[in-house]
Amino acid sequence: NGLWIGDVPEALKELSWTEKMIISRVKHNLCIVKVHVSGMSKMKANVVSHSLPMPKIYRALPPPRDELDQVLAFLYIGPNVPTLKEFKRTPMLVCRNKVAHALEWLKLNHSSYTDIDISYENLNDYPEDEPPVIINYTQSMESNKDPESTAVNDTDEEDGTEKGYCPFIVHGLTGSNLEQLGHSRPHEITARAVEYFKSGGKVLGIGQA
């Protein structure tokens, strides 16, 4: 059907979601990652994205770490403050060597990356044992199951997994308030979305096969 792009180069394989985001030259979306750990230690993750009024185009990659908070937010909900053990199960960690190898390959092999500057100075500012953005932590012992999206034959008390990489779903977010907010103060969409989730707000996820 014309969608096959061939084998993925070794340098681009097994990149985390956040690593893919920071090597992207054009940022079209503001993204809010929500990781929810239930009282029974089951973890699941969602990413909600909202389009930027004006895409951000970078001449140097990865972007400065302090600029990443403008396009990415991390909300962690669970019974305890997250540690490296929990972070390793999320899509939020960055391996500097993997990012460097990916950018070096893209600069040599991708026409849209030939003129970029690879900023090793920026890359060295990225931690490897915690997410590169502010961690918004909310303590909760409640279930991480969303009643609105639960099938009638789903009898599990919690969603997610207790070990290994957690399930990871990407949704889109829209609304008249966010659309108006984004035109004048795009960075506030992230703050508004984080507060919305903290207060128990829901979103509609529309899957695409």
Side-chain angles (χ1 to χ4, degrees), residues 14-24 27-50 62-63 65-96 98-99 126-151 154 156-174 178 187-208:
E14 298 181 2
L15 292 173
S16 72
W17 182 83
T18 302
E19 289 165 347
K20 293 176 183 177
M21 186 173 184
I22 66 175
I23 69 171
S24 175
K27 303 289 190 296
H28 294 279
N29 298 308
L30 295 168
C31 299
I32 303 96
V33 178
K34 182 180 76 168
V35 173
H36 194 165
V37 180
S38 70
M40 297 173 63
S41 299
K42 283 193 173 184
M43 178 186 288
K44 71 174 184 178
N46 298 78
V47 176
V48 174
S49 64
H50 183 280
R65 182 185 173 190
D66 57 1
E67 290 187 15
L68 200 60
D69 282 309
Q70 299 175 17
V71 294
L72 178 63
F74 179 42
L75 175 62
Y76 186 95
I77 302 172
N80 301 300
V81 175
T83 65
L84 178 59
K85 178 183 177 181
E86 285 75 39
F87 291 144
K88 283 183 175 180
R89 299 182 58 203
T90 75
M92 295 299 297
L93 291 187
V94 170
C95 174
R96 291 189 290 267
K98 287 169 62 178
V99 171
Y126 282 75
E128 295 191 316
D129 57 354
E130 65 181 14
V133 294
I134 295 171
I135 303 165
N136 297 279
Y137 169 64
T138 298
Q139 188 175 35
S140 172
M141 293 292 294
E142 297 179 357
S143 169
N144 62 5
K145 186 177 280 295
D146 297 321
E148 292 85 353
S149 60
T150 301
D154 184 352
D156 292 338
E157 295 183 8
E158 310 286 348
D159 283 340
T161 59
E162 296 183 38
K163 297 179 180 180
Y165 202 68
C166 69
F168 181 41
I169 304 172
V170 180
H171 301 294
L173 181 66
T174 188
L178 287 177
H187 64 283
E188 292 187 14
I189 296 176
T190 299
R192 180 73 62 87
V194 168
E195 289 303 316
Y196 177 77
F197 280 127
K198 282 185 175 181
S199 64
K202 306 295 183 180
V203 296
L204 171 64
I206 302 176
Q208 181 174 349

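Sequence positions, counted from 1, serve as the residue numbers for this chain. Quantities reported herein were computed from a predicted structural model and do not represent experimental measurements.
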Worksheet entry | Value rounded to 0.5 Å, distance of CD in E128 from CZ in R96 | 4.0 Å

What are the two closest heavy atoms between [X] and [Y], and how far apart are they?
X: V94; Y: P132; result: CG2-CG, 4.2 Å
X: Y165; Y: T90; result: CE1-O, 3.3 Å
X: E14; Y: K98; result: O-NZ, 2.7 Å
X: P131; Y: R65; result: O-NH2, 3.9 Å
X: Y76; Y: M43; result: OH-CE, 4.3 Å
X: D129; Y: F87; result: O-CD1, 3.6 Å

Is the shortest side-chain heavy-atom distance between [X] and [Y] below 4.5 Å?
X: I22; Y: P63; value: yes
X: L84; Y: L93; value: yes
X: M92; Y: V133; value: yes

Worksheet item: Under the side chain to side chain contact (heavy atoms under 4.5 Å, CB included) criterion, do Y126 and V99 qualify, and how do the steps go?
Response: CA-CA 10 Å; Y126 282 75; V99 171; over 6 Å; no

Passing candidate, side-chain contact (heavy atoms from CB on, under 4.5 Å) with [X], options [options]:
X: K34; options: I77, T138, N136; answer: I77
X: F74; options: V35, D69, I134; answer: V35
X: L72; options: M21, K27, E67; answer: M21

